[in-house]
There are 2 protein chains.
Amino acid sequence: MAASVKQGRLRGKFMDEIGRKGRPGASSTPLRAARIQDVARLADVSTATVSRALATPDRVSPEARARVLEAIAQTGYVPNPAARTLRSQKTFMVLVVLPDLANTFFSKILRGIEETLFDAGYGMIISDLDGSPEKEAHFAAYTAAGRVDGAILLNGHLFGQSRDGKGTPAKINIPLVALCEAIPNAGIPQIEIDNRAAARQMTRYLASLGHARIAYVSGPAENVLEHERFQGYRDGLLAAGLSFDPELVLSGDFTLESGVRAGQELVARAERPTAVFCTSDEMAIGAVRTLRSAGLRVPEDISVAGFDDIEFAAAAQPALTTIHQPRRELGQAAATVLIDLLQGRETEKRIRLKTELVVRDSVAPPRA
Amino acid sequence: MAASVKQGRLRGKFMDEIGRKGRPGASSTPLRAARIQDVARLADVSTATVSRALATPDRVSPEARARVLEAIAQTGYVPNPAARTLRSQKTFMVLVVLPDLANTFFSKILRGIEETLFDAGYGMIISDLDGSPEKEAHFAAYTAAGRVDGAILLNGHLFGQSRDGKGTPAKINIPLVALCEAIPNAGIPQIEIDNRAAARQMTRYLASLGHARIAYVSGPAENVLEHERFQGYRDGLLAAGLSFDPELVLSGDFTLESGVRAGQELVARAERPTAVFCTSDEMAIGAVRTLRSAGLRVPEDISVAGFDDIEFAAAAQPALTTIHQPRRELGQAAATVLIDLLQGRETEKRIRLKTELVVRDSVAPPRA
DNA sequence: TGCCCTGATGTAATCGATTACATTTACTTT
DNA sequence: AAAGTAAATGTAATCGATTACATCAGGGCA
């Protein structure tokens with residue numbers, strides 16, 4: 001072995017071999033990226049040792065390790081991900097499935113996911129389903145083909161299933177995690193907020209200020225979040241000793257436009273509620289806008305509360321009283337759970353992060 | 001070491017499955033995904049023919065092709081991306097580099113990118129630089145390692161370079177496209193709006209209403225967009241016959257908070273401008289908020305204009321007069337150019353999409 | 001001394017596709 | 001009929017890593 005170490009000393013020569021493609025002079029740029037072979041030759045070890053020096057450093061002698069690292073630095077070697085994946089069946093990639101990438105609600109969640117994945121050495125592939133079944137089929141095939149090690153679902157249903165659980169879910173044999181919109185009966189970990197408790201809290205808060213007629217602007221009827229929030233609304237009324245009045249439930253779909261429509265309907269009413277609880281900030285902003293342009297003052301004439309605490313909730317006029325969702329933390333938690341699953345650790349089946357009632361200016365006691 | 005024991009279990013099972021190759025009965029769930037070999041055997045052709053039937057269908061006889069497709073349907077075969085990439089050196093993945101994923105300005109752009117890439121069969125990997133040099137180095141290595149075929153840069157500089165062009169750009173030998181923030185002298189295609197012309201248009205519009213003292217709230221000093229918009233502001237003043245007054249330039253950084261600060265400074269001034277042109281909607285919203293809470297009416301006492309036309313520009317109170325950026329189209333254009341590059345087609349070196357002056361309620365003629 | 005064990009390393013099979021090159025067949029052309 | 005050409009297909013090398021298995025040196029122990 002002493003001999004070969006000595007040989008290692010004269011290894012300057014091998015540098016030439018790497019890019020020998022008959023190109024001119026002292027071009028410092030190797031046309032081909034360095035492979036593990038090149039590193040092995042330079043460090044005078046086998047490719048197996050190079051691989052081990054990176055994956056399991058303590059199974060390689062300190063001297064060999066040092067030579068390998070030196071050779072890696074010299075060649076600028078970076079392992080080829082395709083080759084690595086082909087052999088080891090690990091991609092170090094995670095798929096994030098979104099119903100709508102343009103929805104600003106998701107951006108901070110995405111950031112939470114991204115940073116956590118990054119720190120664990122994983123990359124993030126994004127799929128924006130955009131309500132398209134073809135895209136969904138495509139991404140189902142994606143996961144099946146082993147392009148990712150796991151997935152985080154923000155869309156409220158499994159591949160091949162509709163939101164209400166109808167249809168046969170595609171057979172996906174990689175770890176999944178549901179984020180924000182829970183997927184009932186899917187047997188996968190859920191990361192979410194306690195929507196019911198949060199809606200209850202807001203309703204009770206409104207009641208505590210003296211509001212007796214509290215309207216509710218709903219999300220889409222089939223939405224899981226909507227169900228929970230509606231339950232919370234009713235819980236809150238009950239707890240405050242108020243009776244539930246179906247007349248006070250307006251249907252929306254979380255969008256600003258549906259908030260505008262709800263506002264119009266309220267304006268048109270003879271007997272108006274004194275407070276409106278919208279289950280999304282966008283709807284609240286739309287409602288406020290409509291109520292104000294009809295000459296009503298918010299909160300003096302009517303209080304409006306939102307849900308989510310999106311970026312512009314604080315900047316809105318008046319600043320919105322709402323339920324704060326820890327979006328970044330939600331993303332981080334989902335990514336953490338998924339990584340745990342990927343690395344074979346135990347995980348919690350359900351994580352509920354705390355929301356917070358944020359009191360700003362759009363809610364006040366009703367006029368006496 | 002429970003983990004390794006568990007692994008041993010799994011492995012054993014795994015081996016059994018493989019072992020029973022000529023498997024009996026109607027086991028419906030193949031534990032291993034079908035490989036090209038399985039399809040070839042079933043269709044009674046070679047793997048080469050299967051590969052060709054998918055990649056170049058017209059080089060395969062109709063009969064063979066039909067048998068192959070049938071076999072693929074039966075087995076549920078999906079080509080293994082890692083194997084394909086390893087051999088062909090194509091990943092069908094594109095990296096999108098963002099300065100800040102949580103910034104809502106990017107979400108609609110991302111959607112434009114995603115949908116275009118998807119239609120062309122490419123996937124999207126997102127990197128949120130978050131101002132971190134380590135992340136940048138990591139993603140530079142990423143591209144170098146051949147994990148993606150190309151990249152779209154929204155961060156205004158090349159890997160390894162700072163925004164002002166200092167530093168040695170990392171040697172990246174895949175196609176790149178700069179989106180929104182141009183990268184000067186990088187020799188890569190740029191997709192952007194004409195910031196200068198847009199700022200000029202807004203400034204002239206304000207002047208045309210009779211405003212003579214038009215303040216300007218800037219973006220970060222080192223930002224390319226800021227330079228162009230500032231030029232446009234001065235162009236506009238000149239074209240309207242107004243003189244430039246450095247006193248009217250307030251420095252911001254595109255954030256809502258900096259708009260608030262600018263608003264405070266304006267409120268404190270004895271001689272106030274009659275209009276304020278903020279070079280981002282967020283700053284405009286922040287400024288409006290501050291001005292109003294100081295008792296000034298917008299637009300009656302002071303007009304405020306924005307730039308970008310983000311989601312909430314229309315919902316703000318008052319609705320913001322601003323410059324509309326076609327964000328989705330910007331994303332689409334960038335993705336289209338990149339795909340053209342990837343497929344060896346000629347592309348334009350510079351694409352400038354049209355902006356639009358959107359007149360809403362935050363700007364009005366000055367009081368007489 | 002002889003045997004076994006451990007740690008370090010090397011050899012080569014393997015992952016699953018693509019594709020250069022070889023081969024076969026059928027059909028034209030002279 | 002011989003030769004040339006084109007179309008269809010097959011054979012096997014190849015991409016670049018990981019890793020099962022083999023090998024070997026040196027140390028501990030009976």
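Every chain is numbered from 1, with letters handed out A, B, ... down the list of sequences. Since the structure is predicted, the reported quantities are computational estimates derived from the model, not experimental observations.
Residues Tyr142(A) and Phe159(A) place their aromatic rings such that the two centres sit no closer than 6.0 Å.
Contact between the side-chain N/O atoms of Ser61(A) and the OP1/OP2 oxygens of dA8(C) is not found at any separation under 4.0 Å. Under 4.0 angstrom from either OP1 or OP2 of dG10(C) there lies at least one side-chain N or O belonging to Thr49(A).
For the pair Lys90(B) NZ and dA17(C) P, the interatomic distance rounds to 19 Å; values are reported in whole Å. To the nearest angstrom, P of dT14(C) lies 12 Å from CZ of Arg35(B).
Considering only the side chain of Gln89(B), dG16(D) comes nearest among dT19(D), dT11(D), dG16(D). For Arg87(B), counting side-chain heavy atoms from C-beta on, the closest listed nucleotide (dA13(D), dG10(D), dA17(D)) is dA13(D). Residue Ile36(B) has its side chain nearest to dA17(C) when only dG16(C), dT18(D), dA17(C) are considered. Among the nucleotides dG16(D), dA17(D), dT18(C), the one closest to the side chain of Leu86(B) is dG16(D). Side-chain atoms of Pro79(B) lie closest to dA17(C) of the nucleotides dT9(C), dA17(C), dT18(D).
Of the possible donor and acceptor atoms, none in the side chain of Arg52(B) sits under 3.5 Å from a partner among the backbone N and O of Pro57(B).
Using a 4.0 Å heavy-atom cutoff across all strands shown, Ala82(A) reaches no nucleic acid atom at all. At a threshold of 4.0 angstrom between heavy atoms, the contacts of Val45(B) are confined to the sugar-phosphate backbone, with no base atom among them.
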Open item on the list: Thr347(A) vs Asp340(A), test: side chain to side chain donor-acceptor pair (under 3.5 Å). Steps then yes/no.
Closed with: CA-CA 7 Å; Thr347(A) 67; Asp340(A) 283 347; over 6 Å; no
